[in-house]
Amino acid sequence: MNVFADIRALVMACLDTLETAGTLPGGLNRAAITVEPPRDAAHGDMATNAAMVLAKPAKMNPRAIAEALAAELAKDDRVTVAEVAGPGFLNMRLAADVWGGVIKAALTNADYGRSTLGQNKKMMVEYVSANPTGPLHVGHTRGAVFGDALASLLDYAGYDVTREYYINDGGAQVDVLARSVYLRYLEAHGQEVAFEDGTYPGDYLIPVGEALKDKVGDAYVGKGEQFWLEDVREYATEAMMSLIRDDLASLGIEMDNFYSEKGLYGSGRIEDAIQTLDQKGLIYRGTLEPPKGKLPEDWEPREQTLFKSTEYGDDVDRPVQKSDGAWTYFAPDIAYHYDKVERGFDALIDVFGADHGGYVKRMKAAVAALSDEKVPLDIKLTQLVKLYKNGEPFKMSKRAGTFVTLRDVVDQVGSDVTRFHMLTRKNDAPLDFDFDKVTEQSKDNPVFYVQYAHARINSVLRKAEVPVDDATLAGADLSLAAHEAELKVAKTLAEWPRLVEIAAKGHEPHRIAFYLYDLASDFHGLWNRGNDDTSLRFLQEGDKATTQAKIALIRAVQVVLASGLGILGVTPAEEMR
RNA sequence: GGUCCGUUAGCUCAGCUGGAUAGAGCGCUGCCCUCCGAAGGCAGAGGCCAGAGGUUCGAAUCCUCUACGGACCGCCA
């Protein structure tokens, strides 16, 4: 049940009728027609711009079209009033039982709002993909939460979603990791070691070094890298991935798949991908112009193998091979995305940190080239998280190893608060995260406000002296809960399915969080009006039928709150403590 | 020098891909709390949507330029 879709269909049907009757010319492009709730509720429940959009191509006066359409719309039982306003807007008021139908839909179908928009298309969301060189930090947390909520949202909107993590275990950084673990290993053997530049000094490697000692004894002590590097690298990477999996689990995130970069080397897949590009005439030997602005000290022109990404909108062509013939980081990335395309995904989404912004164009170019522009790739960048404590900026230094980890955050404020708060901002805007504010129990804190609404409804359900199972509530006479303030809540509920689709289309899970806040606000507002107007209280002593109708309304609110929180990965609170 | 993102109330931010008189919270001002849970409630003030052009019936939203802020910019990952 989606009121907006229903009314849109009605408008289209009425236009058909007008065309058949010859009132309107046929074959008009209707793509620009919208059927939306007007911003100002005083204008009605639903508005369409159809008359204005069609006026020009039909060579007719917009008001004339609007009036004809209004007459047609008014014939439908659901439309009580259809009137023309302003330059040609058509405003409609809908019958009260339309809103009652919304409440019943939510009560009889736990999946009210779930959409078939995605038509089961295969969609991959790649997120986190942090280097396996240490625990996840706050920056990763935002990407993790965003990617996970986006994946859930798309699933809810009817896509067949795969969540994947790309393990960058093929580059130089895992050698650095291995050397760092080796130092901890020596330390475990009682040696004094120094962590110089180019090593990871973090404490989290101490247990890894010790575990390595337990495993291989002193076999690697005093030996050159050629004896231990490969082995230690594998061991350390595995240990880091285990750490990362645990970090993700603490936020309730479970990947469907972990994809190893290293697995691409030696498999011929990189060569395949580059060859595919080559066959399209997109690979050549050449020398790049020096980068503008601050030039690296040791810059000199060198001939490399380049991908003609400029063919697909990039600013310069990008190297896939270094001057010594080794692959650049970009090459396995191309191969990885080629693999995604070959696995048959209909659309791809990558979630990157803002520092990878420079990567967007070339990656899109690669996917466009490899899929013959058939598989769209959307790249969502998550901006920085600024940490605060007691209102003061919270400094962290990666060099000193004092960065704030995902675990620090989750341990302190909990998974639910972390997730919800990080989704109360658009992904491409910076986010403030204040350890004190996010756990504050007040109206100022959206996390609390939404949770409180859910818990508060529970409280009413507990106190009710009438049956409150959904089946019974769905049979309530909802005309007993049709006060203007109650209808407002029902109207917000009616927007839920539409909002899900809007959020899914835009890949914008934050819209869910904002919607939930609005819904909670409507509910709390209704509650508060009960303070002055006792007829608006949910529990009407001695009047079972009315009580049931009102409870049906708020139970429907609870169902939608739970669905929305579910998408965000937040557990609905049963009670507040 | 270039690319990407941002700029909306004193502050923090929404704004449903072009709709009608621009929205919320905080803060501020004024009232209110015996009442299903007041970890509050109601009302009010507060805006040249960074600036200038353009596109059209109509622009915070789309295009161009400018200003400011952030991220990034060979063979690093």
Side-chain angles (χ1 to χ4, degrees), chain A residues 4 32 34 36-40 42-43 47 49 52-53 55-56 62 85-89 91 131 133 168 170-174 176 261 287-296 298-305 314-316 318-330 353-361 381 383-384 424-426 428-432 437 440-446 448-449 452 455-456 459-460 463-464 495 498-499 501-503 505-506 508 510-511 513-515 517-518 521 524-525 527-532 534 536-541 547 550 575-576:
Chain A
F4 299 92
T34 59
E36 297 177 328
R39 193 155 48 191
D40 185 346
H43 291 131
N49 62 357
M52 286 182 290
V53 170
K56 203 170 187 182
F89 283 104
N91 294 328
N131 287 345
T133 54
N168 289 112
Q173 78 280 7
V174 282
V176 173
E261 175 195 0
T287 307
L288 287 174
E289 294 283 307
K292 300 287 165 83
K294 47 183 176 184
L295 202 60
D298 55 346
W299 194 92
E300 54 182 80
R302 285 182 184 159
E303 197 186 59
Q304 303 171 293
T305 306
D314 202 355
D315 310 305
V316 289
R318 305 292 176 175
V320 295
Q321 266 180 329
K322 305 178 195 175
S323 49
D324 64 3
W327 297 117
T328 62
Y329 177 81
F330 187 34
D355 54 340
H356 286 66
Y359 227 68
V360 171
K361 282 190 178 181
L381 301 177
Q383 277 292 340
L384 293 171
T424 54
R425 199 109 311 168
K426 282 181 295 196
D428 49 11
L431 171 81
D432 289 346
K437 279 189 187 161
E440 199 173 277
Q441 301 211 333
S442 76
K443 195 186 160 176
D444 319 350
N445 182 357
F448 169 79
Y449 199 58
Y452 186 30
R456 214 174 199 183
S459 159
V460 177
K463 288 208 171 183
E495 287 189 44
R498 181 167 169 268
L499 184 106
E501 295 190 351
I502 290 168
K505 278 182 197 162
E508 294 174 326
H510 76 275
R511 287 186 191 275
F514 280 96
Y515 170 83
Y517 182 81
D518 285 345
S521 174
H524 288 304
W527 176 296
N528 290 327
R529 288 189 64 163
N531 290 330
D532 298 327
T534 54
L536 285 176
R537 296 188 186 181
F538 306 127
L539 303 181
Q540 296 289 325
E541 213 163 328
T547 300
K550 290 173 185 293
E575 58 181 344
M576 304 308 291

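Below, chain A is the first sequence line, B the second, and so on; all start at residue 1.
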Provide, to the nearest angstrom, the distance between the [atom1] atom belonging to [X] and the [atom2] atom belonging to [N].
X: A:Leu431; N: B:G6; atom1: CG; atom2: C1'; answer: 15 Å
X: A:Leu384; N: B:G6; atom1: CG; atom2: C1'; answer: 12 Å
X: A:His524; N: B:G25; atom1: NE2; atom2: P; answer: 13 Å
X: A:Lys437; N: B:C13; atom1: NZ; atom2: P; answer: 10 Å
X: A:Asp428; N: B:C13; atom1: CG; atom2: P; answer: 12 Å
X: A:Asp432; N: B:C26; atom1: CG; atom2: P; answer: 18 Å
X: A:Asn49; N: B:C16; atom1: CG; atom2: P; answer: 15 Å
X: A:Asn168; N: B:C76; atom1: CG; atom2: P; answer: 13 Å

Within the structure shown, what part of the strands sits under 4.0 Å from [X] by heavy-atom distance: base, sugar-phosphate, or nothing?
X: A:Ala464; result: nothing
X: A:Arg537; result: base
X: A:Ala47; result: base
X: A:Pro430; result: sugar-phosphate
X: A:Gln321; result: nothing
X: A:Gly357; result: nothing

Per [X] side chain, nearest of listed nucleotides [options]:
X: A:Arg498; options: B:A39, B:C35, B:C16; answer: B:C16
X: A:His43; options: B:A20, B:G19, B:A71; answer: B:A20
X: A:Tyr517; options: B:A24, B:C35, B:C57; answer: B:A24
X: A:Tyr329; options: B:C13, B:A77, B:C36; answer: B:A77
X: A:Tyr452; options: B:C16, B:G19, B:A39; answer: B:A39
X: A:Arg425; options: B:A20, B:C13, B:A77; answer: B:C13
X: A:Arg511; options: B:A39, B:C16, B:U56; answer: B:C16
X: A:Tyr359; options: B:C36, B:A77, B:G19; answer: B:A77
X: A:Gln173; options: B:A77, B:A71, B:A38; answer: B:A77
X: A:Phe538; options: B:C36, B:G19, B:A77; answer: B:C36

Problem - Quiz item: cation-pi between A:Arg498 and A:Phe4, 6.0 Å / 45° - result: yes
Exercise for the section: Would you sketch RNA chain B in dot-bracket for me? Only Watson-Crick or G-U wobble pairs with both distances under 3.5 Å count, crossing pairs as [ ], other-strand pairs as |, the rest as dots. Expected result: (((((((..((((.....[...)))).(((((.......))))).....(((((..]....))))))))))))....
Using the [atom1] atom in both, what is the distance from [N] to [M], to the nearest Å?
N: B:C62; M: B:C73; atom1: P; result: 27 Å
N: B:G27; M: B:U21; atom1: P; result: 32 Å
N: B:U55; M: B:U64; atom1: P; result: 15 Å
N: B:U17; M: B:G53; atom1: P; result: 28 Å
N: B:G51; M: B:A67; atom1: C1'; result: 7 Å
N: B:G69; M: B:U29; atom1: C1'; result: 33 Å
N: B:G10; M: B:G47; atom1: C1'; result: 12 Å
N: B:C49; M: B:U7; atom1: P; result: 14 Å

Any side-chain N or O of [X] below 4.0 angstrom from OP1/OP2 of [N]?
X: A:Lys426; N: B:G15; result: yes
X: A:Arg529; N: B:C36; result: no
X: A:Lys505; N: B:U17; result: no
X: A:Trp527; N: B:A38; result: yes
X: A:Arg318; N: B:C73; result: no
X: A:His510; N: B:G15; result: yes

Practice task
Take A:Met52 and A:Ala429, find for each the nucleotide of RNA chain B with the closest heavy atom, and name the residue whose nucleotide sits nearer the 5' end.
Solution key: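 It is A:Ala429 whose nearest nucleotide is closer to the 5' end.
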Practice task
Between A:Asn528 and A:Asp355, name the one whose nearest nucleotide on RNA chain B is closer to the 5' end.
Solution key: A:Asn528
Handout entry: A:Tyr452 and A:Phe448 aromatic ring geometry - parallel, tilted or perpendicular at 30°/60° bounds
Key = parallel
Handout entry: hbond_proxy A:Asn91 side chain to B:A20 base (donor-acceptor, 3.5 Å cutoff)
Key =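 Under the 3.5 Å cut-off, the side chain and the base do form a donor-acceptor pair.
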Keeping the roles fixed (side chain from [X], backbone from [Y]), state whether a donor-acceptor pair exists under 3.5 Å.
X: A:Glu261; Y: A:Gly170; value: yes
X: A:Glu495; Y: A:Pro37; value: no
X: A:His524; Y: A:Tyr449; value: yes
X: A:Asn49; Y: A:Thr34; value: yes
X: A:Thr547; Y: A:Leu539; value: no

Fill in the blank from the handout: Given the 90°-from-0 boundary between syn and anti, B:U17 should be labelled syn
Problem - Closest non-hydrogen atom pair between A:Arg302 and A:Thr287, with its separation - result: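 Smallest interatomic distance, heavy atoms only, reads O-CG2, 3.5 Å.
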Handout entry: Smallest separation among heavy atoms of A:Asn531 and A:Arg537, with atom names
Key =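 Of all heavy-atom pairs spanning A:Asn531 and A:Arg537, the closest is O-NH2, 3.5 Å.
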Exercise for the section: Only counting residues at least two apart or in another chain, list the ones meeting ring pair (Phe, Tyr, Trp, His ring centres under 6.0 Å) with A:Phe89. Expected result: none
Exercise for the section: Could you check whether A:Phe514 and the base of B:A14 form a stacked pair, meaning centres closer than 5.5 Å and planes differing by less than 30°? Expected result: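 So A:Phe514 does not count as stacking on the base.
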Problem - Neighbour count >12 (heavy atoms, 6.0 Å) for atom CD, A:Glu303 - result: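 Count over threshold, so yes.
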